[in-house]
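Every chain is numbered from 1 and lettered A, B, ... according to where its sequence line falls, protein lines coming before strand lines. Since we're looking at a predicted model, the values are computed, not measured.
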Amino acid sequence: MLQQTTVTAVIPYFERFTQLFPTVGDLARADADTVMGAWAGLGYYARARNLHACAQVVARDMGGHFPDTVEGLRALPGIGPYTAAAIAAIAFGRPVVPVDGNVERVTTRLFAMTDPLPRARPAIARQAAHLNDDPLAHDRPSDFAQALFDLGAGICTPRTPACALCPWRDACAGLRKGIAASLPHKTPKAPRPTRYGVHFHLTDASGGLLLHRRAESGLLGGTLGLPGPQWRAERWSTEEALRHAPPGRPAPQWRHVGEVRHVFTHFTLIVDVYAARIARFPNTIARDGGLVHPCDGLGQMGIASLMRKCITLAAASTE
DNA sequence: GATCCGTGGTA
DNA sequence: TTACCAAGGAT
């Protein structure tokens, strides 16, 4: 959960998740919808699919016990170099240094490494691996790893690091050279493009809402959302948008209820939301890939934040 | 190696 | 408002 996600955001999800799935076996036996429902809103949904798959491998092939080596952990779904090292150090006391964003920042500053990311990543990892060569650190891999995270999170922060409070201030080449705060250097990112979408909020007299399941892989993979055409680079005219609306007889009276702006990692999305209410959903809904769900029972469903914004907007405007 | 993948907080 | 950032991984 903590991959690219702040501790503050994770804590409530962690509490609920471990309550729902106390053991690896419980998680392995759960169905995908339950897992996605517990993850919804946290983002990066491939992590939920990988974690579920990981639990199934551990439960089925390993008797419910995780491997206790970096190599064994690294082979599991969703566990990469960082997470394998973190589990090996923290759970199994292996003398390895997990390299996350904090450790990259601390390392580049400590050794005044000015080569920009991401090119410098291998060299940074090689330097970081030697951070616990000190016997005192080497004997306590778990504490050392977490101390590094906390040093990065609390002292050696991205902006305005508190160098005066740093236990490594005398050893820090970056501080000595006066460049610590500027590290690590990064190659400039490409500008974030804007894309445009249309989604339809269709309800019936009995309080049902039309949803559809997104493809398993790709953006918001495996989550539920409002139906609509593929997002694209150009805005949608009303006439063009309504050509993609879900059918109904008599035809739904669509109203444009507003727009939702949502920022993804690599593009900004602007969604026009249309809403309508009909007497009863046609029997062909399921054939067309749709599913109808009660409006007042969406809480536990695997619905991404973007789609919740759209649903909230439409629901507020239909009162 | 570059791209794709969410969301919320903060300066 | 904008830009950056967060206990990264898969393809």
Side-chain angles (χ1 to χ4, degrees), chain A residues 1-14 36 39-54 73-91 96-107 116-125 128 141-154 156-161 181-195 214-223 225 231 260-269 271 302-310:
Chain A
M1 285 182 172
L2 288 164
Q3 291 168 358
Q4 294 289 284
T5 306
T6 56
V7 173
T8 307
V10 160
I11 286 173
Y13 283 89
F14 177 82
M36 198 56 81
W39 199 277
L42 200 51
Y44 285 146
Y45 297 97
R47 295 182 299 177
R49 296 194 301 275
N50 288 334
L51 185 58
H52 193 204
C54 177
L73 289 160
R74 178 68 186 76
L76 291 167
I79 298 187
Y82 160 75
T83 306
I87 296 172
I90 295 171
V96 292
V97 180
V99 182
D100 70 336
N102 290 308
V103 179
E104 284 184 343
R105 188 167 56 253
V106 169
T107 303
L117 291 171
R119 190 178 67 198
R121 200 148 274 148
I124 297 170
S142 173
D143 289 338
F144 185 70
Q146 297 189 64
L148 271 181
F149 299 155
D150 287 342
L151 183 65
C156 196
T157 53
R159 287 173 288 225
T160 62
S182 75
L183 296 174
H185 293 170
K186 300 188 177 182
T187 55
K189 292 171 187 169
R192 195 197 319 266
T194 300
R195 300 180 70 184
R214 301 179 61 84
E216 281 303 313
S217 62
L219 197 73
L220 306 182
T223 63
W231 306 334
V260 165
R261 174 182 297 262
H262 193 80
V263 180
F264 291 98
T265 306
H266 51 297
F267 65 93
T268 296
L269 178 70
V271 176
I303 300 173
S305 293
L306 161 66
M307 292 299 174
R308 289 192 184 276
K309 286 189 200 173
C310 295

Participant: For the pair A:Arg192 (side chain) and A:Thr268 (backbone), establish whether a donor and an acceptor sit closer than 3.5 Å, ignoring hydrogens and angles.
Facilitator: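 Not a single qualifying donor-acceptor pair exists.
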
Participant: Between C:dC4 and B:dG6, how far apart are the two C1' atoms, rounded to whole Å?
Facilitator: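 Those two atoms are separated by 15 Å.
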
Participant: Whole angstroms only, please: what is the CG-C1' distance between A:Leu2 and C:dG8?
Facilitator: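 Distance check: A:Leu2 CG to C:dG8 C1' gives 11 Å.
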
Participant: Is A:Arg105 reaching over with its side chain to a backbone N or O of A:Leu183, donor-acceptor style, under 3.5 angstrom?
Facilitator: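 The answer is no, because no donor-acceptor pair under 3.5 Å joins these two groups.
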
Participant: Rounded to the nearest angstrom, tell me the gap between atom CG in A:Leu117 and atom P in C:dC4.
Facilitator: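 A:Leu117 atom CG is separated from C:dC4 atom P by 14 Å.
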
Participant: Within 45° of the ring axis of A:Phe267 and under 6.0 Å from its six-membered ring centre, is that where the NZ or CZ of A:Arg195 lies?
Facilitator: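 Pair A:Arg195/A:Phe267 counts as cation-pi.
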
Participant: If I take atom CD1 in residue A:Ile79 and atom P in nucleotide C:dT11, what distance separates them, rounded to the nearest angstrom?
Facilitator: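 For the pair A:Ile79 CD1 and C:dT11 P, the rounded distance is 14 Å.
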
Participant: When you compare B:dA2 with C:dA7, how far apart are their C1' atoms, in angstrom units rounded to a whole number?
Facilitator: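 Straight-line distance between the two C1' atoms is 23 Å.
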
Participant: Counting only heavy atoms not in A:Arg261 (residues, nucleotides, ligands), do more than 12 fall under 6.0 Å from its CZ?
Facilitator: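 At most 12 heavy atoms, drawn from other residues, nucleotides or ligands, come within 6.0 Å of this atom.
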
Participant: Just how far, in rounded Å, is P of C:dG8 from CZ of A:Arg105?
Facilitator: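 Distance check: A:Arg105 CZ to C:dG8 P gives 10 Å.
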
Participant: How about A:His266 and A:Phe264: are their ring centres within less than 6.0 Å of each other?
Facilitator: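 Distance test on ring centres: not under 6.0 Å, no.
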
Participant: What is the distance from CZ of A:Arg74 to C1' of C:dG9, rounded to the nearest Å?
Facilitator: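 Atom CZ in A:Arg74 sits about 8 Å away from atom C1' in C:dG9.
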
Participant: Treat primed atoms plus P, OP1 and OP2 as sugar-phosphate and everything else as base, then score nucleotides 3-11 of chain B 5' to 3': B for base contact with protein heavy atoms under 4.0 Å, S for sugar-phosphate contact only, - for none.
Facilitator: -SBBBS---

Participant: Distance check, C1' atoms only: B:dT7 and C:dT11, in whole angstrom units.
Facilitator: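 Pairwise C1' distance, B:dT7 against C:dT11, rounds to 22 Å.
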
Participant: Taking A:Thr8 for the side chain and A:Thr6 for the main chain, is one N or O donor matched with an acceptor at less than 3.5 Å?
Facilitator: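 Flag not set: sc A:Thr8 to bb A:Thr6 has no pair under 3.5 Å.
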
